[in-house]
There are 2 protein chains.
Amino acid sequence: MAATIKDIARLAGVSPATVSRVLANKTAFYGPATAQKVQAAALKLGYRKNTAAAELVTQRSNVIAVVVNSVKTNFSSQIITGIQDTAAAHGLNVIIVYAGIVDPEAQRKALLTVIERPVMGILLLSINLTPENLALLQGAQTPYCFLSIAFDDGDLPSIASDDWQVGYEATQTLLKAGHRKIGLAAVDSDSHTGRFRLAGYESALRDAGVTPQADWVQPGVYSYAAGREAMAAYGATSGLTGVVAGSDMAAIGVLNQSRDLGLRVPNDLSIVSIDGTEMCELVQPQLTSVSQNFYDMGAAGVRQLLEPDKQSQQVTPIRVVDRQTVRVL
Amino acid sequence: MAATIKDIARLAGVSPATVSRVLANKTAFYGPATAQKVQAAALKLGYRKNTAAAELVTQRSNVIAVVVNSVKTNFSSQIITGIQDTAAAHGLNVIIVYAGIVDPEAQRKALLTVIERPVMGILLLSINLTPENLALLQGAQTPYCFLSIAFDDGDLPSIASDDWQVGYEATQTLLKAGHRKIGLAAVDSDSHTGRFRLAGYESALRDAGVTPQADWVQPGVYSYAAGREAMAAYGATSGLTGVVAGSDMAAIGVLNQSRDLGLRVPNDLSIVSIDGTEMCELVQPQLTSVSQNFYDMGAAGVRQLLEPDKQSQQVTPIRVVDRQTVRVL
DNA sequence: TAAAATTAAGCAAACGTTTGTTTAATTGGT
DNA sequence: ACCAATTAAACAAACGTTTGCTTAATTTTA
């Protein structure tokens with residue numbers, strides 16, 4: 001139904017080869033008059049290029065695929081904006097596919113949709129692949145890079161914040177304000193990210209002469225619910241004066257749960273959040289946070305795909321931004 | 001570099017045709033022994049199908065493209081989940097591309113990435129196309145459907161809430177609670193959506209015997225900033241006791257601005273939000289909202305693509321969910 | 001003015017699949 | 001034991017492009 005290059009060729013009275021060349025703006029191989037005719041014919045027929053066919057023969061593609069793990073968190077929007085802008089600057093297109101957060105089968109399907117078609121590179125946002133799916137990804141000849149997640153295996157290309165430092169600086173922010181009894185909420189205990197944040201947290205405590213207590217840390221999956229649960233576990237009488245939350249969502253969870261427990265933030269409890277998305281400024285009081293540079297992660301991700309020679313594990317800087325949830329004692 | 005069907009054929013000692021058939025699980029045309037050999041060879045070579053090539057010959061695709069306008073609002077996540085689930089149930093894949101919210105050129109590029117490759121259908125989330133870009137979309141032979149947006153032109157297929165009803169019910173919620181002086185904040189005055197919400201708002205007022213006042217409506221683009229600006233424009237002494245906000249984000253804007261103005265919600269000012277995303281329950285006090293059924297919009301969208309015979313303008317139901325921002329007078 | 005150089009356009013192969021048609025081999029029925 | 005019917009596999013065309021090579025026509029150069 002749709003017009004092809006051959007239809008144009010017929011209408012303009014030239015060969016498909018010539019049509020291809022003028023439509024691709026090749027510099028030579030045809031005269032101005034032919035160009036006119038071809039352009040006119042293409043317009044008249046409402047021609048749309050079949051990119052799949054073109055990619056098939058050229059064996060290259062200009063699309064970057066982004067795999068994201070969940071629709072929930074919205075820090076991904078900043079990364080995607082970074083990807084989008086940088087990709088556009090290089091004449092690349094971006095498509096996004098959702099993989100389930102845990103379901104390996106959904107993960108596999110998302111990966112396949114991406115691998116089984118010609119893409120220039122794959123960016124994985126905060127995705128933890130099962131070993132089988134990782135093998136699948138590596139089996140494809142496509143360059144890839146993990147974003148906002150790091151691994152113990154140093155060979156996997158990734159761009160993320162230094163999680164140890166994140167944990168350290170979040171904790172230190174509270175220590176500097178005079179807090180001694182500090183909780184760590186809704187950080188998972190399984191992943192690289194969680195373990196390093198925990199280590200950073202404990203180091204900061206020790207460097208300040210505070211001995212970490214086991215019941216100060218309430219692990220969780222970084223979600224709003226996890227934040228609430230962690231805070232509920234602490235209860236109103238834990239003696240904690242500050243909490244580091246694993247994400248903005250988690251921080252809002254501890255914030256709201258604190259309120260339910262009759263605790264006022266920051267008067268009775270100080271909170272430092274991790275991420276620093278726009279959410280921090282939407283809630284009351286505004287969340288003091290260790291802010292990650294998500295936009296740059298995205299930008300660095302596409303650059304990494306373009307020049308795979310670079311070092312594989314990159315780190316983007318963080319900074320703490322002081323808002324309203326830390327009270328200095 | 002990547003293994004093709006021919007490589008498998010060579011390794012297994014059969015023809016490419018046979019390989020294609022066993023890999024596609026065709027029922028006949030080959031024996032169990034050959035099937036074994038082919039499977040083994042495919043596995044050994046780490047074969048990945050080239051979907052683009054397959055789509056080229058079959059002239060059909062099983063991917064749905066979703067065009068979203070901005071990374072900001074997160075109501076889209078619910079629609080996308082609806083799309084995703086329904087698509088998966090039909091064996092379809094989903095890819096997402098971002099179009100700029102206003103920039104026609106970005107819009108055009110996003111549209112082209114989608115049109116110029118074989119997709120089964122296109123879903124446009126809350127996208128307002130320029131006339132040229134609309135023509136572009138219609139020129140493609142691909143079925144499409146707009147989601148969460150409606151048009152004056154009744155021929156454009158769309159699935160959305162009844163915006164008049166949204167405006168009406170939001171306003172009525174406040175009227176029922178005894179409010180008489182009610183504002184409408186951060187609803188735009190240009191689009192179909194904005195005009196109909198405004199009309200619904202005014203009808204509700206009139207039906208209750210209240211004469212709408214011009215300075216009760218402060219138009220805006222549904223954003224957090226627009227909410228803040230609208231509330232700032234009202235000021236602390238407007239006499240308004242209730243405000244209908246154009247979106248959850250806008251509602252949070254009026255909420256926070258109210259606080260800055262020294263107004264307590266809902267004691268001094270009641271708020272009804274429009275959308276009903278998870279944001280409503282994250283802020284304090286939790287936002288009473290006219291909630292849209294975004295998940296169903298997404299689901300209905302993919303069904304619409306599959307059966308284009310259906311009526312083109314569909315409406316999904318809304319419901320008001322009472323939370324904590326409406327005070328009964 | 002003839003040969004060389006340049007320009008303009010067409011030919012045809014290739015990319016990796018799918019699938020209708022053909023051919024070869026095996027089985028079954030009588 | 002012969003022919004029909006069935007099964008198994010290969011052949012080859014097609015999908016819509018791109019691009020190296022060839023050919024034809026025109027212009028330049030000496």
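To find a chain, count down the sequence lines: A is the first, B the second, and so on, and within it residues start at 1.
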> To check you understand the geometry: which heavy-atom pair defines the closest contact between Thr142(B) and Val119(B), and what is its length?
CG2-O, 3.5 Å
> Could you pick out which residue, Val57(B) or Val14(B), lies toward the 5' side of DNA chain D when each is mapped onto its nearest nucleotide?
Val14(B)
> Is the phosphate of dT17(D), meaning OP1 or OP2, less than 4.0 Å from a side-chain N or O of Tyr47(A)?
yes
> Given dT18(C), dC15(D), dT19(C), which nucleotide is nearest the side-chain atoms of Lys49(B)?
dT18(C)
> Looking at dT19(C), dG16(D), dT17(C), which one has an atom nearest to any side-chain atom of Leu56(A)?
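Selected nucleotide: dG16(D).
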> Write down the atom of Gln313(A), the atom of Gly154(A), and the distance for their closest heavy-atom approach.
NE2-CA, 3.1 Å
> Considering heavy-atom distances to DNA chain C, does Arg21(B) or Asn50(B) have its closest nucleotide positioned more toward the 5' end?
Asn50(B)
> Between atom CD in Glu116(A) and atom P in dT18(C), what is the gap in whole Å?
10 Å
> Atom CD of Gln59(B) to atom P of dT17(C): distance rounded to whole Å?
17 Å
> Any stems for DNA chain D, made of 3 or more Watson-Crick or G-U pairs in a row, each with both distances under 3.5 Å?
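Only these stems qualify: C:1-30 with D:1-30.
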> Arg48(A) has an atom CZ; how far is it from atom C1' of dG16(D), in whole Å?
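To the nearest whole Å, that distance equals 15 Å.
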> Write out a two-atom table: protein N or O, nucleotide N or O from nucleotides 24-28 of chain C, distance below 3.5 Å.
none

> How long is the gap from CG on Asn293(B) to CD1 on Ile79(B), to the nearest 0.5 Å?
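The distance works out to 10.0 Å.
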> When you measure from the side-chain N and O atoms of Arg60(A) to the phosphate of dT17(D), is any distance below 4.0 Å, counting only OP1 and OP2?
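So the side chain of Arg60(A) is outside the cut-off, no N or O lying under 4.0 Å from OP1 or OP2 of dT17(D).
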> Working to the nearest 0.5 Å, report the span between CD1 of Ile122(B) and CG of Leu137(B).
5.5 Å
> For the residue pair Ser148(B) and Ser126(B), what are the closest heavy atoms and their distance?
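Scanning both residues completely, I find the closest heavy atoms to be O-OG, 3.9 Å.
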> Roughly how far, to the nearest 0.5 Å, is CZ of Arg117(B) from CD1 of Ile95(A)?
7.0 Å
> To the nearest Å, how far apart are Lys6(B) NZ and dC11(D) C1'?
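Taking atom C1' of dC11(D) as the reference, NZ of Lys6(B) is at 13 Å.
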> Have a look at Ser20(B) and say if it touches a base, only the backbone sugar-phosphate, or nothing, with a 4.0 Å heavy-atom cut-off.
base
> First locate atom CG of Asn50(A), then atom OG1 of Thr4(A), and finally report the distance between them rounded to the nearest 0.5 Å.
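Reported value, rounded in 0.5 Å steps: 9.5 Å.
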> To the closest 0.5 Å, what do you measure between CE (Met120(B)) and CG (Leu306(B))?
5.0 Å
> Please report the shortest heavy-atom distance between Gly301(A) and Leu123(A), naming the atom on each side.
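Gly301(A) and Leu123(A) have their closest heavy atoms at O-CD1, 3.8 Å.
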> Rounded to the nearest angstrom, tell me the gap between atom CG in Leu23(A) and atom P in dG16(D).
15 Å
> Could you work out which one of dT17(D), dC15(C), dA10(D) sits closest to the side chain of Thr4(A)?
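Side chain of Thr4(A) sits closest to dT17(D).
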> Going by atom types alone, do Tyr295(A) and Asp85(A) pair a side-chain donor with an acceptor below 3.5 Å?
yes
> What does Ala17(A) touch in the nucleic acid at a heavy-atom separation under 4.0 angstrom: a base, only the sugar-phosphate, or nothing?
base
> Counting any heavy atom closer than 4.0 Å, what does Thr34(A) reach on the DNA or RNA strands: base, sugar-phosphate only, or nothing?
sugar-phosphate
> Please give, in whole Å, the distance from dA13(D) C1' to Ile5(B) CD1?
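Rounding to the nearest Å, CD1 of Ile5(B) and C1' of dA13(D) are 15 Å apart.
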> For dA9(C), does OP1 or OP2 lie under 4.0 Å from any side-chain N or O of Thr18(A)?
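No, because none of the side-chain N or O atoms of Thr18(A) sits under 4.0 Å from OP1 or OP2 of dA9(C).
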> Using whole Å, report how far CD1 of Ile8(B) lies from P of dT18(C).
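Computing the Ile8(B):CD1 to dT18(C):P distance gives 11 Å.
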> Using the closest heavy atom to pick a nucleotide of DNA chain D for each, name whichever of Thr58(B) or Tyr30(B) lands nearer the 5' end.
Tyr30(B)
> Measure CD/Glu55(A) against P/dC15(D) and give the value in whole Å, please.
20 Å
